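Structure, as structure tokens:
Reminder, nothing fancy here: chain letters follow the sequence lines and each chain counts from 1. Bear in mind the structure is a predicted one, so any value in this text is a computation, not a measurement. Excluded from the calculations below are hydrogen atoms, water molecules and symmetry mates; all remaining heavy atoms, backbone and side chain alike, are included.
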2 protein chains.
Amino acid sequence: MPQSMGAMSLPTVERLSVYLRTLKEALAEGKDYIVSTEIARRNGFTAAQVRKDLSCFGSFGVKGKGYDVKKLIEQLEEILGLNRRWNVAIVGLGNIGKALVKYKGLKKAGFDVVAIFDIDPNLVGKTYRGVQVYHTDEIGKVAKKNDIQIAIVAVPKEAAKEAIKKVIDAGIKGILNFTEVRVPIPEGFFLKNVNLLGELESITYYMVNPDRVCRCYQPVKR
Amino acid sequence: MPQSMGAMSLPTVERLSVYLRTLKEALAEGKDYIVSTEIARRNGFTAAQVRKDLSCFGSFGVKGKGYDVKKLIEQLEEILGLNRRWNVAIVGLGNIGKALVKYKGLKKAGFDVVAIFDIDPNLVGKTYRGVQVYHTDEIGKVAKKNDIQIAIVAVPKEAAKEAIKKVIDAGIKGILNFTEVRVPIPEGFFLKNVNLLGELESITYYMVNPDRVCRCYQPVKR
DNA sequence: TCCTGTGAAGTTCTTCACAGCC
DNA sequence: GGCTGTGAAGAACTTCACAGGA
């Protein structure tokens, strides 16, 4: 196990998750070892970056040979908290909420959708795809009973502030926010925003101002 | 109009889109002027950051008073390319694709879904929510005919490489990739990845390693 | 007085380049 | 010879702090 681990930056953590995917791909291709250059090439990073990121938690590469694919997968899964399962709630059973409940990738990646919350009386009390739908006011009680650790909030923006407040009050520490609303959160909670329109708008910015792209700023280069 | 605009960094561009949303909120509240401190407070940024970002394209603030809300909205919309409409194609009519077609926020923000592409013979040739579904092989032809500028790719990961290749071959310059696959793209194209599992995995990282959060790394602080 | 716009300082993140090991 | 791990250098980004205008 990693010895003296310092803090890891968000960019690094996000890349680790990309590396993990690459490693699984390599494993599926029957590779035993993979070199930093190859991990980098497949994702448009630099090899130095890959090595530095990985060196944050000890030395798992073999000089002259590369990284043991299986071992590194295990390491990354441990670091990212993926050597266990997580109980997830979907808050808001609209278009996105439904798509998320149906999305099989969640379960495959270790995330079990164990509850849905909505305010629509036509939905509350029923199940959707085998998952019980509760009223949003019940988050606190249900979160405790079902040991929910993560909430994915996908409600209309008008309801977002209130919904996130309830999630926080329920003590659910991990929040993925699909709404465009920004909410301050207390210490010890971890919120990430997924902002579809924001992403589109930075694409349109570059399309309108192709000259003002500084460092060619696609996540994937080369 | 902006005088000597230098390159703008991706973080800046992404924040502009947040500012724009804040300004519209302020407008709806009847505010004529807004100060940098207030824009910052609502989003968890610093006031200096807001001012610096905005100063990239000229001086639109009034010293001692703040920013003219209406004027700044217009400016930001111009900068971000939102003073026009965009034709968007959805590639892949699965759960996410369907949710996107139904999502009204797209149209409101200036993005018209004008075509859908899929390979399922049960879908091709029909319409979904009033939008024609074509076979993915027809992207080139349809993109030209319908003047499609942006493609949102939401196909299963096995099909992702191929689908993105077709989008590029069709000359669609803006790509929003909902799959976890990373693809290198040619110059002049702009791709952004939206990675649901990656986001969840950085949340679980912080939940498992609360001590290794460097700068408290939620997009929204305070 | 209040708030913007901005150089300068400070911090974080990335790349370089090479010692060291297989 | 090939590749990792890592200090040191460099680039990018953020914050500070204050001059100057309304």
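Across the protein-nucleic acid pair, B:M8 atom CE and D:dT14 atom P stand 13 Å apart, rounded to whole Å. A straight line from NZ of A:K52 to P of D:dG7 spans 8 Å, rounded to a whole angstrom. Counting to the nearest Å, the C1' atom of D:dT14 and the CG atom of A:L10 are 16 Å from each other. Rounded to an integer number of Å, the gap from A:E14 CD to C:dT12 P is 17 Å. Rounded to a whole Å, the OH atom of B:Y67 is 13 Å from the C1' atom of C:dC2. When rounded to the nearest whole Å, the span between CZ of A:F60 and P of C:dC21 equals 18 Å. Atom-to-atom, CD of B:Q49 to C1' of C:dC3 comes out at 18 Å; the value is rounded to the nearest Å. As rounded to whole Å, 15 Å separates atom P of C:dC13 from atom CZ of A:F45.
The B:R51 side chain lies nearest to D:dA17 when the options are D:dA17, D:dG5, D:dT15. Listed candidates were C:dT14, D:dC13, D:dA22. Nearest to the side chain of B:K63 is D:dA22. The side chain of B:V62 lies closest to D:dA22 when the candidates are C:dT4, D:dT6, D:dA22. The side chain of A:R15 sits closest to C:dT14 out of C:dT14, D:dT15, D:dG5. Among the nucleotides C:dC18, C:dC22, D:dT15, the one closest to any side-chain atom of B:A48 is D:dT15.
Between A:S9 and the phosphate of C:dT12, there is no side-chain N or O to OP1/OP2 separation shorter than 4.0 Å. Between A:T46 and the phosphate of C:dT14, there is no side-chain N or O to OP1/OP2 separation shorter than 4.0 Å.
Among the heavy atoms of the strands lying under 4.0 Å from B:G64 is at least one base atom, whether or not backbone atoms are also near. Using a 4.0 Å heavy-atom cutoff across all strands shown, B:S36 reaches sugar-phosphate atoms only and no base atom.
Using cut-offs of 30° and 60° for the angle between ring planes, the B:Y206 and A:F190 rings count as parallel.
Side-chain contact between A:V167 and A:K173 is absent, with no heavy atoms from C-beta onward closer than 4.5 Å.
Note on A:E77 versus A:K24: salt bridge recorded, some NZ/NE/NH1/NH2 to OD/OE distance being below 4.0 Å.
For the residue pair A:T22/A:R42, the side-chain donor-acceptor check at 3.5 Å is not satisfied.
Exactly one residue among A:V91, A:V88, A:I175 makes a side chain to side chain contact (heavy atoms under 4.5 Å, CB included) with A:I152. That residue is A:V88.
Between B:T12 and B:K65, the one whose closest nucleotide on DNA chain D sits nearer the 5' end is B:T12.
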